[in-house]
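The sequence lines fix the lettering, A, B, ..., with proteins before strands; numbering per chain opens at 1.
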Protein chains: 2
Amino acid sequence: MGRRGRVVLRRIEDRVRRGICFRKRLAGLEKKAEELAVLCDAHVGFVVLSCSDDDRLHHFAAPATYALSP
Amino acid sequence: MGRRGRVVLRRIEDRVRRGICFRKRLAGLEKKAEELAVLCDAHVGFVVLSCSDDDRLHHFAAPATYALSP
DNA sequence: CTCGCTATCCTTAGGTC
DNA sequence: TGACCTAAGGATAGCGA
């Protein structure tokens with residue numbers, strides 16, 4: 001189990017595997033974006049347009065932590 | 001060395017540490033965004049507005065891999 | 001298909017220079 | 001200040017159910 005090798009930056013040709021990867025990584029990106037917003041006091045927003053999985057537009061926005069101290 | 005404990009989702013109060021964390025995580029987010037774009041054939045773009053580090057707007061955009069096969 | 005598991009790779013906080 | 005190093009926590013590909 002687990003990942004076999006290192007990530008190769010290349011389009012995943014298999015449709016099913018690409019779709020699964022898309023959903024998992026989209027969730028991962030949201031988490032990272034939120035962490036950046038909270039930990040580092042920044043507004044973060046992103047848009048993802050799936051071209052060959054669900055052909056949909058996904059978006060996410062996280063406000064910065066309410067500035068308590070400078 | 002290495003990280004000491006788990007990441008606590010809370011604004012980092014120390015200005016220097018927050019700034020270092022911001023730059024590292026911004027770079028990490030860019031990498032993740034590009035991987036999502038390439039691996040999963042999606043357009044990805046994001047905007048980050050630093051509220052207390054450099055007070056600047058950072059942006060990033062990655063085009064999907066040119067659709068070779070459906 | 002979706003969910004949960006986990007070995008494996010990746011990211012990064014804290015440190016040094 | 002920035003670049004580099006490393007341990008450790010975190011993300012995730014492949015599977016099983």
Could you tabulate the donor-acceptor pairs under 3.5 Å formed by side-chain atoms of residues 54-61 of chain A, not counting sequence neighbours?
{"residue": "A:Asp54", "atom": "OD1", "partner": "A:Ser50", "partner atom": "OG", "Å": "3.1"}
{"residue": "A:Asp54", "atom": "OD1", "partner": "A:Arg56", "partner atom": "N", "Å": "3.1"}
{"residue": "A:Asp54", "atom": "OD2", "partner": "A:His58", "partner atom": "NE2", "Å": "2.9"}

Heavy-atom contacts, protein to nucleotides 9-17 of chain D, under 4.0 Å, summarised as B (base), S (sugar-phosphate only) or - (none) per nt, yield SSSSBBS--

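A straight line from CG of A:Asp14 to P of C:dC1 spans 10 Å, rounded to a whole angstrom.
Between B:Ser52 and B:Arg11 the shortest heavy-atom distance is OG-NH2, 3.6 Å.
Taking a cutoff of 4.0 Å between a charged side-chain nitrogen and a carboxylate oxygen, B:Lys32 and B:Glu34 do not qualify as a salt bridge. A:Glu35 has a carboxylate O that lies under 4.0 Å from a charged side-chain N of B:Arg25, or vice versa, which qualifies the two as a salt bridge.
Considering only heavy atoms from C-beta on, A:Leu39 comes within 4.5 Å of B:Val7 through its side chain.
The phosphate of C:dT12 has neither OP1 nor OP2 within less than 4.0 Å of any side-chain N or O from B:Arg23.
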